[in-house]
Peer 1: 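Take a look at this one; I'll ask things after.
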2 protein chains.
Amino acid sequence: MQLPISNTDFKVVRETALLGGLSDAALRNIISDSSAQQYTRGQTLFTQGDNADAFFVVLEGWIKVFRLTTSGTEAVIGIFTRGQNFAEAAAFTGGVYPVSGEAVTDSRLLRVSARRLFERIRESPEIGLAMLASTSQHLHLLVRQIEALKAHTGAQRIAEFLLELAASSNGRCVVDLPYDRALIAARLGMKPESLSRAFNRLADFGVSIVQRQAIIEDVERLQDFAERERAEIMRGRGED
Amino acid sequence: MQLPISNTDFKVVRETALLGGLSDAALRNIISDSSAQQYTRGQTLFTQGDNADAFFVVLEGWIKVFRLTTSGTEAVIGIFTRGQNFAEAAAFTGGVYPVSGEAVTDSRLLRVSARRLFERIRESPEIGLAMLASTSQHLHLLVRQIEALKAHTGAQRIAEFLLELAASSNGRCVVDLPYDRALIAARLGMKPESLSRAFNRLADFGVSIVQRQAIIEDVERLQDFAERERAEIMRGRGED
DNA sequence: CCGGCAATTTGAGTTTGGTCAATTTGAAGC
DNA sequence: GCTTCAAATTGACCAAACTCAAATTGCCGG
């Protein structure tokens with residue numbers, strides 16, 4: 001189902017790393033034959049191995065991108081929401097999508113054919129730079145994820161996740177969990193059971209979870225825990 | 001210590017994803033004020049947080065890039081060798097290097113100031129495309145690494161590592177370990193002790209390790225093990 | 001060949017986190 | 001309010017992987 005682009009949508013597009021810095025004329029040309037598409041929860045945007053011919057901007061809702069292993073296991077690579085673009089690197093370099101994309105909630109996305117943007121790169125080097133800036137951001141997020149997987153325990157990774165959602169850098173803070181627990185677990189590289197258990201352990205650091213909210217009593221305290229050396233935690237000194 | 005660029009070096013530069021597809025004239029202009037630099041084992045190329053002003057091409061040797069966590073732990077993100085470029089994304093988008101770079105062996109690298117390449121992007125869109133292609137490759141490698149960390153056991157990750165080094169896709173194959181065991185372990189997200197132990201377990205899949213070589217008796221058999229579902233391995237059916 | 005030292009392996013114990021299954025919770029629909 | 005069902009939590013058990021330390025191996029230089 002395709003919907004026209006409203007002014008509200010246009011403003012969201014203006015928030016993206018990829019398209020936000022372009023001139024009005026350039027932007028309107030690039031999205032001139034794009035339109036907002038509705039996806040219901042669970043619907044597939046593209047599948048790993050498909051020809052990569054478009055990238056996406058999230059207007060509303062949540063999208064997960066994941067690798068499907070040979071054995072059929074899903075490894076979540078990233079989760080995107082409103083104001084974020086993704087899949088542009090694969091779309092511009094051609095070939096296939098290295099991941100699959102799926103709507104986690106009912107969503108609305110702008111699907112942008114890469115051909116139009118690709119053609120304009122010849123006349124407008126700023127587009128190449130915008131592409132690189134956006135891809136560089138994604139790269140940085142992946143680097144941070146690898147760091148967390150390699151250097152931190154599951155509970156620490158959850159702490160980092162909550163801290164990123166916290167609006168304040170100190171004091172008490174209430175945070176809304178943006179998507180369901182199974183997906184949070186998958187995003188952080190653990191199973192839902194382990195997520196539940198680690199939530200309980202975070203009580204020792206002033207965190208309580210009530211339905212879709214996390215209450216952090218002392219943001220700095222949680223930050224200290226998140227930044228602790230893993231070895232220190234594993235030899236039983238991780239708790240107050 | 002700076003050395004001039006030989007014809008041999010020039011050929012190596014021609015192998016890189018970033019510079020390999022450029023015209024001769026463009027390439028010579030870009031590296032006109034670059035020269036090969038010698039780094040001794042353990043020497044730092046750049047430190048996380050430094051201003052990102054150059055990218056690198058490995059002419060000889062091995063380089064690791066890694067994140068330094070707040071607590072001082074090192075998380076290896078990637079390892080590069082001859083014919084590979086790295087750090088270009090950070091260099092072109094400005095800001096700081098998100099990782100540190102260090103020579104793992106005595107090495108020779110071409111250090112390329114990003115300014116020269118940056119200037120030429122205005123006249124030559126192919127440079128923007130080359131940058132994107134190169135960065136996209138790095139993105140893909142990171143995605144694969146996250147997949148392996150989330151969906152596979154340590155022994156499987158080692159199997160994948162060996163299979164990537166194998167020259168043949170079936171039968172018996174002898175593989176040289178390209179760098180020391182501690183670094184292999186760090187690259188694969190485990191400790192050296194665990195690497196040793198997993199090597200022993202891989203004997204059940206026809207792999208033997210002798211000094212700096214791995215002997216794979218049956219590449220396909222090892223491939224089967226690597227691709228198995230993690231849950232299957234963890235419930236004790238991972239062995240023949 | 002010998003000695004020194006760094007890298008690696010092995011041993012022992014602990015913790016993290018997975019698998020499997022049962023129970024509980026919460027949301028949605030009637 | 002009740003029922004249904006999916007999501008989440010909890011329990012029990014097990015193994016992967018970590019920490020720490022000791023033993024072994026291999027490389028390099030004299």
Side-chain angles (χ1 to χ4, degrees), chain A residues 40-42 71 73-75 104-106 148-159 177-204 208-214 225 228-239, chain B residues 40-42 71 73-75 104-106 148-159 177-204 208-214 225 228-239:
Chain A
T40 57
R41 175 186 169 146
S71 54
T73 311
E74 214 182 80
V104 174
T105 59
D106 293 341
L149 288 165
K150 288 187 177 180
H152 288 148
T153 65
Q156 280 178 303
R157 302 203 289 281
I158 296 168
L177 301 182
Y179 32 82
D180 68 36
R181 290 202 191 18
L183 188 57
I184 294 172
R187 163 67 188 70
L188 299 178
M190 67 185 76
K191 301 296 184 182
E193 294 97 328
S194 300
L195 183 78
S196 266
R197 292 189 168 99
F199 274 157
N200 290 337
R201 291 208 302 280
L202 285 182
D204 293 338
S208 51
I209 312 282
V210 182
Q211 293 177 33
R212 300 257 341 214
Q213 289 194 323
F225 169 68
R228 206 164 286 178
E229 198 180 5
R230 181 192 174 126
E232 194 180 334
I233 292 174
M234 290 197 82
R235 57 185 174 240
R237 297 178 199 159
E239 308 185 20
Chain B
T40 57
R41 174 184 168 150
S71 53
T73 311
E74 214 184 79
V104 174
T105 61
D106 291 342
L149 288 167
K150 286 187 178 180
H152 288 150
T153 65
Q156 280 179 302
R157 300 202 291 281
I158 296 167
L177 301 183
Y179 33 82
D180 68 34
R181 288 195 185 29
L183 188 56
I184 294 173
R187 161 66 187 73
L188 299 179
M190 68 186 73
K191 301 298 181 178
E193 293 97 328
S194 300
L195 182 77
S196 265
R197 294 191 167 102
F199 274 157
N200 290 338
R201 293 208 301 279
L202 285 182
D204 294 337
S208 52
I209 312 282
V210 182
Q211 293 177 34
R212 298 273 322 230
Q213 290 196 323
F225 170 67
R228 205 164 288 178
E229 198 178 7
R230 181 193 177 128
E232 194 182 331
I233 292 174
M234 289 196 84
R235 56 185 176 241
R237 297 177 202 161
E239 306 183 25

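Throughout, a chain's letter reflects where its sequence line sits, starting with A, and its residues are numbered from 1. Every heavy atom of this structure was used, including side-chain atoms; hydrogens, water molecules and symmetry mates were not. Computed from a prediction, not measured in an experiment: that's the story for all the values here.
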Peer 1: Would you mind reading off the distance between Arg230(A) atom CZ and dA17(D) atom P, rounded to a whole angstrom?
Peer 2: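 Distance check: Arg230(A) CZ to dA17(D) P gives 10 Å.
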Peer 1: Using whole Å, what does the distance between atom P of nucleotide dC20(D) and atom CD of Glu232(A) come to?
Peer 2: 10 Å
Peer 1: When you match Leu195(B) and Gly154(A) each to their closest nucleotide on DNA chain C, which lands nearer the 5' end?
Peer 2: Leu195(B)
Peer 1: Check the distance between dT9(D)'s C1' and Met190(A)'s CE and give it to me in whole angstrom.
Peer 2: 15 Å
Peer 1: Can you find a pair of side-chain heavy atoms, one from Met190(A) and one from Ile158(A), that are under 4.5 Å apart?
Peer 2: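 Touching, per the 4.5 Å side-chain cut-off.
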Peer 1: Tell me the interatomic distance from His152(B), atom NE2, to dA17(D), atom P, rounded to whole angstroms.
Peer 2: 12 Å
Peer 1: Tell me, yes or no, whether the heavy-atom count around Arg212(A) atom CZ, taken from other residues, nucleotides or ligands under 6.0 Å, exceeds 12.
Peer 2: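 It does: Arg212(A) CZ has more than 12 such atoms within range.
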Peer 1: Would you mind reporting whether Ile209(B) and Arg181(B) have side-chain heavy atoms less than 4.5 Å apart?
Peer 2: yes
Peer 1: Which nucleotide wins on minimum distance to the side chain of Arg197(B), given the candidates dC18(D), dG11(C), dA7(C)?
Peer 2: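 Nearest to the side-chain atoms of Arg197(B), counting from C-beta on, is dG11(C).
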Peer 1: Given dG17(C), is OP1 or OP2 found less than 4.0 Å from the side-chain N or O atoms of Ser194(A)?
Peer 2: no
Peer 1: Tyr179(A): what forms a ring pair (Phe, Tyr, Trp, His ring centres under 6.0 Å) with it, not counting sequence neighbours?
Peer 2: Trp62(A)
Peer 1: Mind checking whether Leu202(A) and Phe225(A) have side chains closer than 4.5 Å, heavy atoms only?
Peer 2: yes
Peer 1: I'd like to know if Glu193(B) reaches the base of dC20(D) with its side chain such that a donor and an acceptor end up less than 3.5 angstrom apart.
Peer 2: yes
Peer 1: Between Leu149(A) and Arg157(A), is there a side-chain heavy-atom distance shorter than 4.5 Å?
Peer 2: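 Side-chain contact under 4.5 Å: yes.
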Peer 1: Figure out the CG/C1' separation between Leu177(A) and dG26(C), and round it to whole Å.
Peer 2: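 Taking atom C1' of dG26(C) as the reference, CG of Leu177(A) is at 15 Å.
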Peer 1: Between Gln211(B) and dT8(C), is there a contact of a side-chain N or O with OP1 or OP2 at under 4.0 Å?
Peer 2: no
Peer 1: Under the rule for side chain to side chain donor-acceptor pair (under 3.5 Å), what residues qualify as partners of Glu74(B), not counting sequence neighbours?
Peer 2: Lys64(B)
Peer 1: Does anything in residues 178-185 of chain A come within less than 4.0 Å of DNA chain C? Heavy atoms only, and list the residues if so.
Peer 2: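 Listed by number, there are none.
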Peer 1: Think Arg235(A) has a side-chain N or O under 4.0 angstrom from the OP1 or OP2 of dT16(C)?
Peer 2: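 Answer is no, no contact under 4.0 Å.
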Peer 1: Write down the distance between CD (Gln213(A)) and P (dG26(C)), rounded to a whole number of angstrom.
Peer 2: 13 Å
Peer 1: Measure from CZ on Arg201(B) to C1' on dT10(C) and round the result to the nearest Å.
Peer 2: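 Value for this atom pair: 14 Å.
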Peer 1: Whole Å only: how far is the CZ atom of Arg157(A) from the P atom of dT16(C)?
Peer 2: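 Nearest whole value for this atom pair: 12 Å.
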Peer 1: State which of dC18(D), dG17(C), dA8(D) makes the closest approach to the side chain of Lys191(B).
Peer 2: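 Given the options dC18(D), dG17(C), dA8(D), the side chain of Lys191(B) is closest to dC18(D).
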Peer 1: When you get a sec, tell me which of dA8(D), dA17(D), dT10(C) is the closest nucleotide to the side chain of Ser196(A)?
Peer 2: dA8(D)
